[in-house]
Amino acid sequence: MHLYLPIAGLSVNALVIVLLGGAVGILSGMFGVGGGFLTTPLLIFYGVPPAVAVASSATQITGASVSGVLAHSRRQGVDFRLGAVLVAGGATGSLIGGFIFRLLQKSGQIDTIIGLLYVALLGWIGLAMARESARAVVAGWRGTPPPPVTTQRHRKWIAALPFRWRFYGAGLYISPLAPFLLGLITGLLTVLMGVGGGFILVPAMLYVLGVSARVVVGTSLFQGLFVTAATTLVHALTTHAVDLVLAGLLLVGSVTGAQIGSQVVQQVRPERARMMLALIVLTVAIRMALGLTWHPDALYTVQLL
Amino acid sequence: MRARFTARGAAAAKRASRLSQTLRRLGLLACLPLLLGATEPKLVPDVSQTQIDIAYSFTGAELLLFGAILYPDGRPPAGTDVAVVIKGPSEPLLVREKAKVAGIWINHASERFRSVPSFYAVASSRPLKDLVSPRTAAIYEIGIDNLLLSPANGSSANEQARFEAGLIDLKRRSGLYAEHPAAVSVREGVLYRASVPIPARVPVGAYTAETYLIRNGRIVAAATRRIEVGKSGFERFVAGAATDFPLLYGLAAIGLSLLLGWLAAIGFARARR
């Protein structure tokens with residue numbers, strides 16, 4: 001079934017987009033990542049203009065996060081205070097990101113920077129996750145207890161920051177500057193890469209800030225919800241690249257997929273699930289790296305003046 | 001240094017020749033009625049749609065161009081050919097060229113073009129090279145290689161040609177530039193019809209369909225029809241809202257995604273109970 005996307009200006013197979021949203025939704029339900037790191041490159045690969053892909057996948061992540069946030073907050077899985085600090089940082093980051101985006105667009109290097117960011121971040125996180133989950137899986141086979149994940153609960157540079165606050169849900173007594181900075185970085189990435197930032201936020205909260213695992217996913221979804229909503233607004237006002245039809249199709253798939261994913265994850269061993277996510281993340285990273293180094297299909301690109 | 005000057009000179013000469021071509025073309029068009037006089041035939045063209053609507057199910061269109069050739073003496077001579085040129089609105093473009101730097105492909109050089117037709121299709125009754133002389137083809141911009149794209153950077157002619165080739169290749173690949181030789185059929189020398197496919201990615205705007213009657217490599221009659229390509233219904237509403245009311249549009253997008261997410265959450269919660 002073909003549908004015309006009014007902003008992207010092309011006709012797509014609606015079923016493909018819904019299924020793409022569904023697959024990404026399953027991931028977001030399982031791991032608490034928005035899945036933007038998959039949606040954006042796949043949409044661009046499908047022929048959607050990059051700006052529209054980035055903007056519309058931000059809109060989609062907003063919707064996909066809602067059910068997750070609701071579910072986690074019912075289970076007391078959201079630290080709203082920490083979430084609010086992260087959102088404040090994220091909003092600041094998305095404003096700065098918007099400025100950088102325009103600057104890079106003008107110089108024509110935006111696509112290269114997006115590609116490099118994807119390769120560097122996804123490669124790094126994918127490798128770290130693969131190593132950690134592989135150890136856990138191997139330990140499971142041998143019947144030995146999984147090796148403890150070394151988290152430094154007290155990092156010197158974070159402890160050195162002034163004005164400490166108590167974050168009860170997260171079980172932390174740290175300066176809000178640290179999560180603010182973390183939020184700022186994810187906000188930047190949301191604008192530049194069209195990702196919710198969950199794949200940065202979740203490991204950073206766990207391993208850098210030392211947030212209690214119980215609230216990590218919920219708080220990350222909470223932050224993603226607000227920052228992607230802000231990003232949607234920024235894109236709607238500046239680039240006019242939000243495609244409602246495209247976002248709607250993605251949403252129909254992803255909200256359904258998210259529900260399926262949250263069921264599936266309860267039946268899969270967590271280390272296996274993490275291994276799967278690591279493999280997906282690494283695949284995307286390798287694909288992006290090849291895209292940067294292989295002789296491009298088209299040497300020339302066109303920009304409207 | 002000298003080579004550079006001659007290259008500059010060549011570019012200037014090319015620009016000058018293009019200008020004179022354009023002037024000549026305008027002059028020719030102006031005196032076309034006089035030249036044709038009473039002994040020359042007249043074209044009566046028509047199009048199947050003067051308005052192409054892009055609606056939700058738009059996957060492209062087939063534009064039918066047809067018409068009659070009227071001869072003053074009523075007897076059609078042998079060897080009549082017809083070419084139809086469909087052109088979209090022109091736009092200024094920046095074309096970027098990638099080069100391998102430190103192992104990765106990045107945008108390296110660029111060239112500006114002042115007027116690039118967003119869409120260009122030519123259909124003809126025979127291959128263009130058999131139809132018109134290169135000179136005529138250049139004057140009337142018949143054929144993709146004869147488009148005047150007005151490069152604006154003042155770089156060397158070689159470089160301009162390279163970027164032009166890259167741009168045309170890109171447009172061809174996306175189906176926005178196309179040549180359809182043998183897509184026009186002429187019946188008994190008096191009726192012609194051409195069918196030109198319009199791809200789904202077609203840009204919106206005011207299009208022109210120029211019909212040329214060609215005999216012995218010369219254009220003996222010409223006529224133009226306008227075609228409007230626009231979004232209609234819901235698509236028009238959405239595209240209009242996105243540019244005219246960006247704040248409301250953005251809030252609506254957020255609202256829609258929140259609503260869909262919430263509906264799914266309560267829907268699935270019910271289903272599970």
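Because the structure is predicted, anything quoted here is derived from the model rather than measured. Reminder, nothing fancy here: chain letters follow the sequence lines and each chain counts from 1.
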(message) Could you measure the distance from the CG atom of A/L251 to the CG atom of B/L263? Nearest 0.5 Å is fine.
(response)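 Separation between the atoms: 11.0 Å.
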(request) Give, for atom CG of B/L256 and atom CD of A/Q60, the distance between the pair rounded to the nearest 0.5 Å. (result)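 Here the interatomic distance stands at 12.0 Å.
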(request) State, with a plain yes or no, whether a side-chain heavy atom of B/L260 is found less than 4.5 Å away from one of A/V66. (result)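 They are not in contact (no side-chain heavy atoms under 4.5 Å apart), so the answer is no.
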(message) Are the side chains of A/Y300 and B/D169 in contact, using a 4.5 Å heavy-atom criterion?
(response)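 Counting from C-beta outward, B/D169 and A/Y300 never come under 4.5 Å.
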Of the backbone (N, CA, C, O) and the side chain (C-beta and beyond), which part of [X] lies under 4.5 Å from a heavy atom of chain B, both, or neither?
X: A/S107; result: backbone
X: A/A247; result: neither
X: A/L225; result: side chain

Contact leader toward chain B among [options], where contacts are heavy-atom pairs under 4.5 Å:
options: A/T232, A/V245, A/L5, A/L3; result: A/L3
options: A/T62, A/L10, A/L299; result: A/L299
options: A/L116, A/L250, A/L244; result: A/L244
options: A/L233, A/T228, A/V69, A/V12; result: A/L233

With a 4.5 angstrom heavy-atom cut-off, could you sort out which part of [X] is near chain A: side chain, backbone, both or neither?
X: B/F237; answer: neither
X: B/E91; answer: side chain
X: B/I106; answer: both
X: B/R173; answer: side chain

Which heavy atom of [X] sits nearest a heavy atom of [Y], and at what distance?
X: B/A239; Y: A/P6; value: CB-O, 4.3 Å
X: B/A253; Y: A/T59; value: O-CG2, 3.8 Å
X: A/T293; Y: B/G103; value: CG2-O, 3.4 Å
X: A/T112; Y: B/N107; value: OG1-N, 4.4 Å

Option that, when pairs with chain A are counted at under 4.5 Å, heavy atom only, ranks first among [options]:
options: B/F163, B/F58, B/Y249; result: B/Y249
options: B/A99, B/G166, B/G250; result: B/G166
options: B/R201, B/K100, B/E235, B/R96; result: B/R96
options: B/G60, B/A200, B/P92; result: B/P92

(message) Tell me if the CZ atom of B/R162 is crowded by more than 12 foreign heavy atoms within 6.0 Å.
(response)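 Count over threshold, so yes.
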